[in-house]
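Before any comments, here is the structure.
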Amino acid sequence: MAFLNKKEVASILEDIGILLELKGENPFKTRAYFNAARTISGLTSDLTDLVESGGIGNIKGIGKALAEKITTLVTTGKLEYYENLKSEFPPTIFELFGIPGLGPKKIKKLFDTLGITSLTELEYACNENRLVDLEGFGAKTQDNILKGISIRKKFSEKFHFPLARNAAEDIHKHVNRSKGIKRSEIAGSLRRKKEIIGDIDILVSAAKKDAENIMKNFVTAPDIEQVVAEGKTKSSIILKTGINVDIRVVADKEFPFALHYFTGSKEHNVHMRRIANEQGYKLNEYGLFRESDNARVSCSEEKDIFVKLGLEYIPPELREDTGEIAAAEKGTLPNLIEETDLRGTFHCHTTYSDGANSLEEMLQAAQSRKWEYLGIADHSQSAQYARGLSKADITRQRKEIDALNKNYGSCRLLHGIESDILADGSLDYDENTLEIFDFVVVSVHSRFKMTEAEMTKRIIRAIKNKYTTILGHPTGRLLLSRDGYNIDLVQVIDAAADYGKAIEINSHPYRLDLDWKMVKYAKEKGVTICINPDAHNTDGLDDVRYGIGIARKGWLEAGDVLNTKSLTGVLQYLGIS
DNA sequence: GCCGTTTTCGGCCCGACTGTTTTCAGTCG
């Protein structure tokens, strides 16, 4: 019997890390907790099993002390060490982390000397001018903290991918108009195709004489809320949308190294630097240096850095320190799927339910994308909020699809449905009706608040249904606004593997569900993945590009994905002609 | 805290910018 799941254990380990930082503990010790939190949250094997078998201590980065603490947490739900640490600080102290310029040391100082325990108290103290005389603080610091609090109140700290990408492209264009730019690129989590973006990183190479002008141009870009830092090689601004943008200007020979460094992730970089050290090099954002004589190893492209370290080139999407470096050492990195590999897609809505475009308009849009097939999956009858299809609607839709397929040669419409998974795990039509469809996507749209055991059972029952083709948005999460329902994804993926069913990567930028961390697990279990746009209009079809990003982050190759198959291959897969 | 073909101690990635200091600690990525 487990008292805490992975997510909860990881969250406690992270809290411990923060509390240890506050206490001024050895930074390597705190890092051990943060690393362990990351490791635990990324585990695909069952945590309870690992604890019971003692295998938990064999995981890299989890030694004797952490293994004991994790075991205690899983088996009892409590940890005295954590409770004691927590009792030293009020819980609201966590609010203070994330204000720019405020780290553990300063927060501790504020707590010890002024008794500040929350954001409100901090703002009050700033307005009372109480920070200026504090050792290590001053008028400037106090002012910046106030600005930070005001920005925190106004904006969220994270952004959906498209919003961040559009902002990044705008500022990138603006910067590129500066004189003397040699190379430039958008780096950071955007380049790694993360589902949520915290800030934008722009990298530029130029001669030294041009750097100052480029910086000036950057900090005077339109729509800037605040210039946070302005230096010769590094500056930082906050846009009116609340997004933070960092820029680095380096010499052109440093560009590949800076690009690698600036793309991250931080964990990947740390690991790469360790690999470099082991081979007698030092790696930083300016170059790769031989430790014996400090000689620079020249690399003209980012790819060369990996080659020099005896690694395969690691595509940015994989740089999360989740095994990509070991695979690159062994030469076993996947040949990642590309957007051009897609030959069609499934799960699209039309005016029959809550879509904005007709069947014919969707078909034309698919044709213009050179797709061989388009799977229509409107909502099912119980989804009344979305005008779910009655049996009469289904008959009518079938007729129209058959007629369109006769008139349009190059792209075939496939007639599917997005059937609600009812509370008991059954589907939303009788067997005679389900029989009609070319494919069936099954999704949860109601009764989100079940226990994990109930929800898992419900979804697995739907997976087992013989009419089910694809499990749609498996957690139901809405990024930045709604957590997914409680579900044991490992069990769900195992069931999909056992029953030969596909799982969707819902490509809508607010969903991106299945999460890439689990995509990799699904691939390992041999589950077919389907990259679906969940399009509600013709433009929505382009969302598959976000799904591709997630598929790549999940190590997928073209062969792992259903909709890279030709029409013939798909018809064969679906068992229709 | 973790780790080890240099193994039970002594390392642990590395550098820029800010604001406070008067040579550097703290923060950030």
Side-chain angles (χ1 to χ4, degrees), chain A residues 13-14 16-17 19-39 56-70 81 85 96-110 131-145 147-148 187-189 192 198-203 211 215 219 227-237 244-250 254 257-258 260-278 280-289 291 321 325:
Chain A
L13 293 177
E14 190 149 333
I16 293 177
L19 291 165
L20 290 175
E21 272 190 328
L22 264 181
K23 283 173 65 91
E25 263 285 1
N26 176 354
F28 297 105
K29 180 169 167 179
T30 64
R31 191 203 285 173
Y33 279 91
F34 290 127
N35 283 342
R38 212 167 57 88
T39 304
I56 189 79
N58 297 330
I59 295 173
K60 197 168 165 58
I62 296 177
K64 193 162 170 275
L66 271 161
E68 268 175 25
K69 291 191 174 78
I70 292 165
Y81 177 72
L85 267 179
L96 304 181
F97 287 85
I99 298 292
L102 265 194
K105 296 273 168 34
K106 283 205 160 71
I107 291 173
K108 177 86 171 7
K109 186 98 192 170
L110 289 168
L131 267 61
V132 287
D133 292 329
L134 218 54
E135 189 195 347
F137 289 71
K140 212 53 191 271
T141 307
Q142 177 173 279
D143 195 40
N144 282 338
I145 288 173
K147 275 184 188 153
S189 51
R192 300 200 317 278
D199 61 6
I200 294 168
D201 302 300
I202 309 267
L203 176 67
M215 279 303 185
V219 297
V227 176
V228 182
E230 185 181 358
K232 279 186 207 145
T233 67
K234 185 177 168 180
S235 295
S236 187
I237 58 172
N244 195 91
V245 189
D246 296 332
I247 194 171
R248 281 299 273 267
V249 182
V250 299
E254 296 162 347
F257 304 98
H260 176 258
Y261 160 77
F262 223 23
T263 296
S265 64
K266 190 180 166 188
E267 292 80 10
H268 168 90
N269 288 348
V270 168
H271 195 159
M272 282 288 285
R273 286 171 174 189
R274 205 173 69 225
I275 295 279
N277 286 348
E278 283 165 14
Y281 295 103
K282 187 179 77 171
L283 178 64
N284 60 29
E285 61 259 57
Y286 302 108
L288 182 65
F289 304 94
E291 230 140 17
D321 196 28
I325 294 175

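Because the structure is a prediction, the values reported are computed rather than measured. Order of the sequence lines sets the chain letters (A, B, ...), proteins ahead of strands, with each chain counted from 1.
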Q: Assign each of A:Gly136 and A:Ile107 to its nearest nucleotide of DNA chain B by heavy atoms, then name whichever residue's nucleotide is nearer the 5' end.
A: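 Going by which nucleotide is closer to the 5' end, it is A:Gly136.
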(Q) I want to confirm an ordering. Mapping A:Ile99 and A:Lys232 to their closest nucleotides on DNA chain B, which one lands closer to the 5' end? (A) A:Lys232
Need one value for [X]: base, sugar-phosphate or nothing, where a base atom within 4.0 Å counts as base even if backbone is also close, heavy atoms only.
X        : value
A:Tyr33  : sugar-phosphate
A:Ala276 : nothing
A:Asn26  : base
A:Lys69  : sugar-phosphate
A:Glu230 : sugar-phosphate
A:Tyr261 : base
A:Pro27  : nothing
A:Asn144 : sugar-phosphate
A:Arg248 : sugar-phosphate
A:Tyr81  : sugar-phosphate
A:Lys234 : base
A:Leu20  : nothing

My understanding is that only residues two or more places apart in sequence, or in another chain, count here; which of them pass salt bridge (Lys or Arg N to Asp or Glu O under 4.0 Å) with [X]?
X        : result
A:Glu230 : A:Lys216
A:Asp133 : none
A:Asp321 : A:Arg38
A:Lys29  : A:Glu25

Gap in Å between the two [atom1] atoms, one belonging to [N] and one to [M], rounded:
N      : M      : atom1 : value
B:dT8  : B:dC2  : C1'   : 12 Å
B:dT20 : B:dG26 : P     : 14 Å
B:dT22 : B:dC28 : P     : 23 Å
B:dA25 : B:dT21 : C1'   : 9 Å
B:dT5  : B:dG1  : P     : 24 Å
B:dC13 : B:dC17 : P     : 22 Å

Q | Where chain A begins and ends its contact with DNA chain B, read 5' to 3' at 4.0 Å from heavy atoms | A |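 So the contact region on DNA chain B extends B:dG1 to B:dG29.
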Q | Who pairs with B:dG1 - Watson-Crick or G-U, where each distance is under 3.5 Å | A | B:dC12
Q) Under the side-chain contact (heavy atoms from CB on, under 4.5 Å) criterion, do A:Tyr261 and A:Asn284 qualify, and how do the steps go? A) CA-CA 7 Å; A:Tyr261 160 77; A:Asn284 60 29; over 6 Å; no
Q.
Can you pull out every side-chain hydrogen bond (donor to acceptor under 3.5 Å, both in side chains) where at least one residue sits in residues 97-108 of chain A? Sequence neighbours excluded, please.
A.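 The answer is A:Lys108-A:Asp112.
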(Q) Pair A:Asn277, A:Ile275 - check side-chain contact (heavy atoms from CB on, under 4.5 Å), show working. (A) CA-CA 5 Å; A:Asn277 286 348; A:Ile275 295 279; over 6 Å; no
Q | A:Arg248 with A:Glu254: basic N within carboxylate O range, under 4.0 Å | A |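 Answer for the salt bridge query: no.
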